[in-house]
Amino acid sequence: MKHLEFFELLSSFNLIEPINKYLLSLIEKEIDERNDKEELLIFFSIFFGLIDDGNTCISLDKDTLKKKWKKKLDGKEVLYKENSDINVQGIQDIRTISNEIIDKVIDTISGTNLPKLIGKNRYFFAEDNYLYIKKYYDAKNIIINSIHRLFKTPTTNYKYKDYLASGSLPLTSGQISAIEKGVNSNLVITGGPGTGKTTSVVFLLVNLLERNINQFVYLIAPSGKASGRIKESVIAGLKFVDDKKIKPEVKHKIEEIEESTIHRLLHIDPNTSAFTRNHYYQFADNSIFIIDEASMIDVCLFASLLDAIPDKARVFILGDYNQLPSVENGAVFANLVDMDYLKKDYVVRLTEFVRFSKDSEVFKIADEINGDIPLTQKNWKSYIDFEIFDLPKDSKDKPVYFYQNPDEAAIEKEIISSIVLKWGEKFYKDLQAKCTDIDDESELPDIYAAVSNSTVLCAVNEGIRGTKQINNLIRNKFIDKSQLSSIRGYYPGELVIINKNNKELGLYNGNTGILVTFKDDETLYFMYEKTSKDIAISGKKKDEIFSLIVNNHTYMFYPLRMISETDFDLAYAITIHKSQGSDFNNILIILPTAEGHPLLTKQIVYTAITRSKGSAYILSNQDRLVEAQKNFEVRDTNIK
């Protein structure tokens, strides 16, 4: 088979990204004279297919490579059998061809032959029996070198001061360890939701700024939504600090710290498309960097950020080791937590819950998912008995309810629809009325609460268990389309998520809000809460961008006509990947039903279940949860 035929076969099953066809053409020019050109180009197609899964390199050990590729093919076969009538015989053809090619090419390029083969090509690099995309190899080395220069034996031996307010919950042993270590050295801090990562950082900031208030402090995260949340968490953490023990100017400085996305902090030069902050133009030495939601940061962005941080800066990298890795390539945060150089002296693991009861079902199941002991049998209810239970607002129970999948595929669509409509009846029935012709600004917090009150979390976008169908199902049932809308058929009361950064408007991927109209104003607005201090508080303006402050919360309003229709989606249901960095009072998790589904992983289920700060409802089967528990997604990166 010719390499282009093989590429098209891979493409027909979404096993490779189209852009890789261009890269193959570049390789072809450099090896055009070789007799084994076609075999090599098929091999590189397999390589690109695995890079598309988030790896930054692949092993050139035959058995390891075959196993990794087989897992990808098995997962795709399950997907197509579940969601379409496509003949999957082509996947079996790919298996046969791939195994032959891997055996033949690995023998050909082993030893010193591979560096010679790719020596002229700026896109690849080979080292220690691994083949890399060159830009990922460079990023890996920048990260490793940066870690060694930023995390080193401290020259100071300060003792941390206790600034805890009287009557506050005591700091956990893990938080105290983080503060004790962090006053003298840079740290990687990992822990699940509610384990006090941000509170630890607040007390660290107080200690550090009390010694030198002239330091620059940067609160940063990979997305606008995540950076806003870290600022909210820092402000919330200040309430545990005793006003009598802290200098007023230190408290004021922490309150006034500006949050930022990593991209905005590094600043892209429009003329070169490169970051203006880099190894040659670093930040000031007297800087403190708080990097939150680090599990979401890909290898290239992580490298760019660390490269711009000077040797003498203070750095605290926060994240959850057990969450999903970044959407783009790499799994840097998990690599750092496991890095031999860091894990003894520079990694703090927070395991004690601060915000939640240790006995809550949500965190029991999260712990079980992350453990090695098989999940215990849960109290599964029939899908027919699906019911949403009311809990007191101050309840710390955080319960989880399990519902068994229907055994008959023929009725699955009907059952999913029934459950989703019950969910919608509970949370979205009266939402459109609240969001239409608003005439009392004091109602805005209650209206906006719908954004975080509930969500449906799906592993996939397509199919009867996917976000697209569920969003349309809820919208068609609970949105009265007789209402006039100002733009493109959208209506007040619809939940919307931004899916593309828009620097001009100050909107970023992951910003979630709700559509509203005001009395005597037909403009349909996208409303969402923003924490930045640099907002011009302009008051209500018809058909323009404006902001309103209610109860110390700043709500932004954008005429929907200003936002491209391709830049937002409905958000009654979102993927588990998009839910990272968010939490909700009530979540309905709909997991795949097919055995061997590629998105039944430990990280998927853990990330989903820990989005709940209230109740969680799981539609699955016991065996699917057990399968997910055993399937930990590992990416090849070689950051160690």
Which pair of heavy atoms, one from [X] and one from [Y], lies closest together, and at what distance?
{"X": "Ile143", "Y": "Phe302", "result": "CD1-CB, 4.0 Å"}
{"X": "Lys253", "Y": "Gln215", "result": "NZ-O, 2.5 Å"}
{"X": "Ile27", "Y": "Phe124", "result": "CD1-CZ, 3.4 Å"}
{"X": "Phe632", "Y": "Lys602", "result": "CD1-CD, 3.8 Å"}
{"X": "Pro310", "Y": "Phe283", "result": "CG-O, 3.3 Å"}
{"X": "Tyr525", "Y": "Pro559", "result": "CD2-N, 3.7 Å"}

Which distance, rounded to the nearest 0.5 Å, do you find between the [atom1] of [X] and the [atom2] of [Y]?
{"X": "His267", "Y": "Ile262", "atom1": "NE2", "atom2": "CD1", "answer": "16.0 Å"}
{"X": "Leu599", "Y": "His577", "atom1": "CG", "atom2": "NE2", "answer": "6.5 Å"}
{"X": "Asn499", "Y": "Asp567", "atom1": "CG", "atom2": "CG", "answer": "6.0 Å"}
{"X": "Leu266", "Y": "Leu301", "atom1": "CG", "atom2": "CG", "answer": "7.0 Å"}
{"X": "Ile46", "Y": "Ile51", "atom1": "CD1", "atom2": "CD1", "answer": "13.0 Å"}

So, are [X] and [Y] salt-bridged, with charged N and O less than 4.0 Å apart?
{"X": "Asp543", "Y": "Arg561", "result": "yes"}
{"X": "Glu127", "Y": "Lys140", "result": "yes"}
{"X": "Asp583", "Y": "Lys613", "result": "yes"}
{"X": "Arg277", "Y": "Asp307", "result": "no"}
{"X": "Lys640", "Y": "Asp340", "result": "no"}
{"X": "Arg635", "Y": "Glu633", "result": "yes"}

Side-chain touch [X]/[Y], heavy atoms, less than 4.5 angstrom:
{"X": "Asn461", "Y": "Thr575", "result": "yes"}
{"X": "Phe151", "Y": "Val188", "result": "yes"}
{"X": "Val202", "Y": "Val241", "result": "yes"}
{"X": "Lys72", "Y": "Asp53", "result": "yes"}

Does NE2 belonging to His148 count more than 12 external heavy atoms closer than 6.0 Å?
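Yes - once you tally the heavy atoms of other residues, nucleotides and ligands closer than 6.0 Å, there are more than 12.
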
So does Phe216 have more than 12 non-hydrogen atoms from other groups sitting under 6.0 Å from CZ?
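For Phe216, atom CZ is not crowded (no more than 12 foreign heavy atoms under 6.0 Å).
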
Run the side-chain contact (heavy atoms from CB on, under 4.5 Å) check on Leu342 and Ile147 step by step: do they pass?
CA-CA 8 Å; Leu342 290 178; Ile147 290 300; 3.6 Å; yes

Test Cys57 against Leu131 for side-chain contact (heavy atoms from CB on, under 4.5 Å), laying out the working first.
CA-CA 5 Å; Cys57 58; Leu131 179 62; over 6 Å; no

Qualifying residue for side chain to side chain donor-acceptor pair (under 3.5 Å) with Tyr136, from Asn329, Thr56, Asp298
Asn329

Indicate, with yes or no, if the rings of Phe275 and His263 have centres closer together than 6.0 Å.
yes

Quick one: does any side-chain atom of Arg611 pair with a main-chain N or O of Gln580 as donor and acceptor, under 3.5 Å?
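A pair under 3.5 Å: no.
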
Under 30°, 30 to 60°, or over 60°: which ring-plane class applies to Phe44 and Phe48, parallel, tilted or perpendicular?
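Plane angle between 30° and 60°, so tilted.
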
